[in-house]
Visitor: 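One structure, pasted below without further comment.
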Amino acid sequence: MRIVAEAFVSGFGGILDGAEGLVAALATACGHGKYEKRGKDNGKEGCSHSCAKIRPKPRLQKCNLNGAVIFAALISTHMHQELSEQEQVRREALQEIINLGIDPFPAAEYTVTHTAEGIRDTFDEGAEMKDVSLAGRVMSKRIMGKASFAELQDSTGRIQLYFNRDEVCPGEDKTLYNEVFKKHLDRGDFIGVRGFVFKTQVGETSVHVLEFTFLGKSLRPLPVVKTDADGVVHDAVHDAEMRYRQRYVDLVVNPGVKEVFVKRTKLFNSFREFFNSKGYLEVETPILQPIPGGAAARPFITHHNALDIPLYMRIANELYLKRLIVGGFDGVYEFSKNFRNEGMDRTHNPEFTAMEIYVAYKDYEWMMRFTEQLLEKACIDLNGSTKVMYGDVELDFKAPYPRVTMFEAIQTHTGIDISAMEEDGLRQVCKDLGIEIDPTMGKGKLIDEIFGAKCEKNYVQPTFITDYPVEMSPLCKKHRSKPGLVERFELFATGKEIANAYSELNDPIDQRQRFEHQLALADRGDDEAMMIDQDFLRALEYGMPPTSGLGIGMDRLAMLLTDKHTIQDILFFPQMKPEKKETKKVELSGNEKLIFDILSKSSPMDLNDLKIRSGLSGKQWDISMKALGKLGLTKVTKTEEGLTVEVAG
RNA sequence: GAUCUGGUAGCUCAGCUGGUAGAGCAUAACACUUUUAAUGUUAGGGUCCUGGGUUCGAGCCCCAGCCAGGUCACCA
């Protein structure tokens with residue numbers, strides 16, 4: 001219940017009682033019981049009561065009472081959303097600003113000449129800065145009588161502002177300082193300021209404000225996060241729900257969050273520069289695909305109405321990029337938003353970004369050299385060094401990286417040489433190593449399981465794992481010299497895969513057989529086996545040059561390079577379950593409404609009758625009746641026959 | 001999907017054999033012309049996630065649900 005109770009009488013001074021009665025009732029209803037006589041107010045007499053529980057102001061109602069006109073604010077418990085005390089205060093401040101003739105949301109451009117960071121840098125170099133203007137959010141205010149300090153946060157950081165009453169208000173009228181600045185300017189509001197730069201006694205570079213302009217009012221209080229003199233952050237918003245659902249708040253308030261995303265973009269730019277400098281072409285390929293190909297994953301399905309066909313959100317863009325190589329490009333790449341309808345955890349978001357690049361006339365050996373150069377450059381571009389801390393390990397992305405074949409890796413970490421084994425032998429090895437398997441798994445999958453369980457985690461520093469079994473890699477060219485294997489590598493770091501590359505399979509007959517083998521896997525129950533993309537095969541039949549392709553999970557790489565251990569920390573808006581709909585507290589609860597509806601049809605009525613007709617349990621009845629009473633909607637009277645309930649007022 | 005942990009003021013968090021709640025910051029008021037996680041004094045602010053149950057009485061105990069996080073499983 002948030003209402004201002006206010007009533008006043010015009011016309012007859014003596015009839016204050018009517019107004020007073022209304023307000024007194026309201027004051028009682030909200031539990032305070034106190035109200036204030038106002039005396040003359042605009043020629044009217046009145047009285048008012050306000051408390052945090054009964055604001056903002058409800059609609060005024062007008063009625064006649066013995067010839068006097070009473071305007072009364074009446075209880076209306078369900079007319080608006082609940083606002084916290086601070087939100088109400090801000091809305092009131094907004095109104096006050098408007099009343100003073102200031103537009104809290106002006107349309108005009110505000111000319112900004114400097115940024116917070118720019119001012120600090122230039123001024124520290126000794127430059128005079130007589131006239132600067134900048135804009136941003138007010139993040140704190142420290143008022144000391146006629147002088148005040150505030151902090152302004154723009155896109156580059158924070159800078160202190162100094163306000164002096166007599167300089168902001170050179171004339172007699174000090175409203176701008178005393179009212180607008182001191183009272184109605186809230187944390188989070190956007191303002192523009194003009195002034196000159198100076199250093200305070202404590203040595204803080206500050207802007208001495210001569211003029212400030214409202215640029216946008218903030219109606220919701222931001223969480224207060226403070227950083228002390230030692231750089232220790234206090235009361236940071238930790239709640240993941242708030243941080244990810246309301247990323248804007250996280251960005252405004254938590255130090256260092258922006259930097260992560262800036263680095264993420266730098267990573268993409270660094271890749272682009274590298275690829276473009278080699279003359280490779282950035283392209284775009286379909287996200288809505290009739291056949292989801294290029295990876296083993298469950299897709300999202302959607303439907304195109306006009307064509308009346310199912311379409312899939314892409315799980316990879318590989319097959320399309322290869323079509324472009326068929327078409328005659330030497331090198332094509334794409335940052336590909338992919339969608340996979342699978343579980344979510346610290347390293348999986350349903351939509352994620354991969355970078356894939358395909359270069360003609362190259363093989364996977366070349367691609368390894370290319371990849372390590374790419375990552376070395378990116379690492380330097382982001383952090384100024386090839387070294388980066390991830391948790392408590394230091395990763396070094398300086399090229400070259402060790403090359404280890406998959407069989408060597410398994411031999412090293414299990415002591416078992418599986419290079420000559422068939423499916424049955426591998427099955428036995430898995431059992432011996434305590435690895436869970438199921439009958440749908442083929443040879444390649446079994447090897448992959450062993451690697452995943454026993455080897456992967458050991459490759460903390462960047463390492464290429466090469467030469468995978470053919471069964472796991474239906475789009476990859478058979479190894480030039482090792483039967484049963486393909487020319488594939490994956491790059492591991494911190495025990496996780498961050499890149500995957502092939503000498504691409506360009507033999508259309510082999511490719512068709514591989515797809516058919518996938519179909520066989522699907523029949524065995526592997527629901528992620530690839531579908532056959534006939535058009536892709538047709539493209540290959542026209543001829544594709546030898547090509548090497550590389551895919552990098554950009555999100556996971558960004559995590560590595562920013563020392564973030566959750567994918568949600570490097571996605572602006574990670575996927576979340578929908579917020580539950582705001583419960584309509586404004587309305588009466590179901591039970592309260594039930595009782596009130598029965599009662600309003602025949603008020604007053606016997607309390608026991610009402611209870612029986614409501615059909616509520618003792619406890620529910622009790623809770624609902626208390627609530628109704630508290631809202632001032634019902635009134636219980638004791639008579640000789642028993643208890644009677646009536647609609648109050 | 002299994003399992004564990006959490007959900008209390010705008011924010012960060014306390015709370016106790018079960019007796020309807022506390023702190024800091026934020027907010028409001030006053031003081032103060034260079035402070036800085038400003039300070040001092042005072043005040044207001046809470047359906048203790050939701051719904052059931054046990055109880056004379058539940059923020060606390062029990063059950064179910066919702067949301068978030070961790071671990072495992074599945075999955076790149």
Side-chain angles (χ1 to χ4, degrees), chain A residues 1-2 32 50-53 55 82-90 92-93 140-151 158 160-167 177 182-183 186-188 198-204 206 208 220-245 249 253-254 295-298 315-316 338 340-348 350 352 354 436 438 448 452 456 472 490 496-498 500 527-528 551 553 555-556 566 568 576-581 583 585 589-591 617 619-620 623 626-627 630:
Chain A
M1 187 158 76
R2 318 261 176 196
H32 282 76
S50 70
C51 73
K53 282 188 177 168
R55 282 191 282 181
E82 295 234 353
L83 294 174
S84 72
E85 185 188 9
Q86 292 188 47
E87 287 173 302
Q88 294 160 34
V89 167
R90 281 168 185 243
E92 282 161 19
S140 70
K141 256 174 30 174
R142 293 183 285 277
I143 295 171
M144 285 155 292
K146 291 173 214 157
S148 296
F149 288 92
E151 266 184 306
R158 293 188 184 188
Q160 181 167 265
L161 305 177
Y162 173 73
F163 289 80
N164 180 299
R165 185 190 70 187
D166 298 322
E167 288 178 275
Y177 181 79
K182 275 169 72 172
K183 294 194 175 159
D186 290 310
R187 237 176 79 79
F198 75 111
K199 254 196 182 22
T200 63
Q201 284 179 357
V202 207
E204 175 94 10
S206 310
H208 191 121
R220 243 176 228 271
L222 287 165
V224 185
V225 179
K226 290 188 173 177
T227 309
D228 66 20
D230 302 324
V232 180
V233 177
H234 299 263
D235 300 331
V237 177
H238 296 297
D239 179 27
E241 192 154 3
M242 175 121 145
R243 292 195 48 225
Y244 302 145
R245 282 216 154 93
V249 172
V253 132
N254 278 343
R298 276 190 289 270
I315 55 174
N338 296 337
R340 298 189 182 175
N341 205 342
E342 292 165 352
M344 291 164 60
D345 61 31
R346 201 151 77 270
T347 52
H348 297 259
F352 64 99
E436 269 187 50
D438 66 66
D448 192 59
E456 225 174 64
M472 286 299 291
E490 291 188 322
K496 299 195 181 74
E497 179 215 329
I498 51 174
N500 180 22
D527 59 354
E528 290 181 343
D555 308 293
R556 290 185 190 174
T566 303
Q568 297 168 119
M576 290 262 155
K577 277 203 186 184
E579 273 181 277
K580 58 173 183 255
K581 213 165 59 179
T583 44
K585 300 292 165 31
S589 80
N591 289 338
S617 74
K619 182 165 184 161
Q620 287 172 330
I623 291 172
K626 278 180 184 162
K630 211 172 172 187

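Order of the sequence lines sets the chain letters (A, B, ...), proteins ahead of strands, with each chain counted from 1. Side chains included, hydrogens not; waters and symmetry mates left out as well; all remaining heavy atoms used. All values reported here derive from a predicted model rather than from experimental measurement.
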Visitor: Give, for atom CD of A:Q160 and atom OG of A:S140, the distance between the pair rounded to the nearest 0.5 Å.
Guide: 8.0 Å

Visitor: What's the CZ-P distance between A:R142 and B:U35, to the nearest Å?
Guide: 11 Å

Visitor: Tell me which nucleotide among B:A76, B:C11, B:U33 gets nearest to the side chain of A:Y162.
Guide: B:U33

Visitor: In whole Å, what separates the C1' atom of B:C25 from that of B:A14?
Guide: 14 Å

Visitor: Choose from B:A76, B:U27, B:C11 the nucleotide whose nearest atom is closest to any side-chain atom of A:P223.
Guide: B:C11

Visitor: Looking only at side-chain atoms of A:D239, point me to the closest of B:A26, B:U35, B:U12.
Guide: B:U12

Visitor: Rounded to the nearest 0.5 Å, what separation is found between the CZ atom of A:F163 and the NZ atom of A:K141?
Guide: 9.0 Å

Visitor: Could you tell me how far B:G1 sits from B:G65 if I compare only their P atoms? Round to whole Å.
Guide: 12 Å

Visitor: Assess whether one donor atom and one acceptor atom, taken from the side chain of A:Q568 and the base of B:A68, lie less than 3.5 Å apart.
Guide: no

Visitor: Please give, in whole Å, the distance from B:C75 C1' to A:F352 CZ?
Guide: 11 Å

Visitor: Tell me whether the side-chain N or O atoms of A:H348 pair up with the base of B:A76 as donor and acceptor below 3.5 Å, since no angle test is needed here.
Guide: no

Visitor: Taking the side chain of A:Y244 as heavy atoms from C-beta outward, which of B:G10, B:G69, B:C11 is closest to it?
Guide: B:G69

Visitor: As a test of reading the structure: which of B:A26, B:U35, B:U12 is closest to the side chain of A:V237, going by heavy atoms?
Guide: B:U12

Visitor: If pairing requires Watson-Crick or G-U wobble contacts with both distances under 3.5 Å, which nucleotide is the partner of B:G1?
Guide: B:C72

Visitor: Could you tell me how far apart A:M472 (CE) and B:A76 (C1') are, to the nearest whole angstrom?
Guide: 10 Å

Visitor: Starting at the 5' end of RNA chain B and moving along, which residue's nearest nucleotide shows up first, A:E456 or A:V225?
Guide: A:V225

Visitor: Does A:I143 reach a base, just sugar-phosphate, or nothing at all? Heavy atoms under 4.0 Å.
Guide: base

Visitor: Contact class for A:Q160 vs. all strands (heavy atom < 4.0 Å): base, sugar-phosphate, or nothing?
Guide: base

Visitor: Parallel, tilted or perpendicular: which one describes the rings of A:Y162 and A:F149, with boundaries at 30° and 60°?
Guide: tilted

Visitor: Nearest to the side chain of A:A147, which nucleotide is it out of B:G10, B:C13, B:U33?
Guide: B:U33

Visitor: Once you apply the 3.5 Å cut-off to both distances, tell me the Watson-Crick or G-U wobble partner of B:U27, or none.
Guide: B:A43

Visitor: Given 3.5 Å as the limit, does a donor-acceptor pair link the side chain of A:E151 with the main chain of A:R158, or not?
Guide: no

Visitor: Once you apply a heavy-atom cut-off of 4.0 Å, does A:R346 come out as touching a base, just sugar-phosphate, or nothing?
Guide: sugar-phosphate

Visitor: I need the CE-P distance between A:M144 and B:A38, as an integer number of Å.
Guide: 10 Å

Visitor: Taking only the C1' atom of each, what is the distance from B:A68 to B:G15 in whole angstrom?
Guide: 22 Å

Visitor: What is the nucleic acid contact for A:R340, judged by heavy atoms within less than 4.0 Å: base, sugar-phosphate only, or nothing?
Guide: sugar-phosphate

Visitor: Take atom P in B:U50 and the same atom in B:A73, then report the distance between them in whole Å.
Guide: 35 Å

Visitor: Starting from P on B:A38, measure out to CZ on A:R187 and report it in whole angstrom.
Guide: 10 Å

Visitor: Please tell me which of the listed nucleotides, B:A68, B:U12, B:A29, lies nearest to the side chain of A:K183?
Guide: B:A29

Visitor: Does A:A297 offer a backbone N or O that forms a donor-acceptor pair with the side chain of A:R340 under 3.5 Å?
Guide: no

Visitor: Take atom NZ of A:K182 and atom P of B:A28, then tell me their distance rounded to the nearest Å.
Guide: 12 Å

Visitor: Categorize A:T200 for me: base, sugar-phosphate, or nothing, with a 4.0 angstrom heavy-atom threshold over every strand shown.
Guide: base

Visitor: CZ of A:R165 versus P of B:A31: gap in Å, rounded?
Guide: 11 Å

Visitor: Within less than 4.0 Å of OP1 or OP2 of B:A68, is there a side-chain N or O belonging to A:R245?
Guide: yes

Visitor: With rounding to whole Å, what would you report as the distance between B:A21 and B:G53 at their C1' atoms?
Guide: 23 Å

Visitor: Would you say A:R187 and A:Q86 are linked by a side-chain donor-acceptor pair, where the criterion is simply a distance under 3.5 Å?
Guide: no

Visitor: Could you measure between the two C1' atoms, the one in B:U35 and the one in B:A31, and give it in whole Å?
Guide: 16 Å

Visitor: Mind checking the C1' distance from B:C61 to B:U55? Whole angstroms is fine.
Guide: 10 Å

Visitor: Between A:R298 and A:E342, is the closest basic N to carboxylate O distance under 4.0 Å?
Guide: no

Visitor: Report the distance from atom NE2 of A:H348 to atom CZ of A:R346, rounding to the nearest 0.5 Å.
Guide: 10.0 Å

Visitor: Could you work out which one of B:G45, B:C67, B:A37 sits closest to the side chain of A:K226?
Guide: B:A37

Visitor: If you pin A:H208 and A:D228 to their nearest nucleotides in RNA chain B, which one's is more 5'?
Guide: A:H208

Visitor: Can you find a donor-acceptor pair, distance only, under 3.5 Å between A:Q201 side chain and B:U35 base?
Guide: no

Visitor: Is there a Watson-Crick or G-U wobble partner for B:C61 with both distances under 3.5 Å, and which nucleotide is it?
Guide: B:G53

Visitor: Considering only atom P, compute the distance from B:G52 to B:U27 and round it to an integer number of Å.
Guide: 38 Å

Visitor: Which of the following nucleotides, B:A68, B:A37, B:G45, is nearest to the side chain of A:K577?
Guide: B:A68

Visitor: Under a 3.5 Å cut-off for both contacts, is B:U20 paired Watson-Crick or G-U wobble with anything, and if yes, with which nucleotide?
Guide: none

Visitor: For A:Y177 and A:S148, test the side chains for any donor-to-acceptor distance below 3.5 angstrom and give the result as yes or no.
Guide: yes

Visitor: Looking only at side-chain atoms of A:V89, point me to the closest of B:U27, B:C25, B:G69.
Guide: B:U27

Visitor: Quick one: A:M344 CE to B:G70 P, roughly how many Å, whole number?
Guide: 11 Å

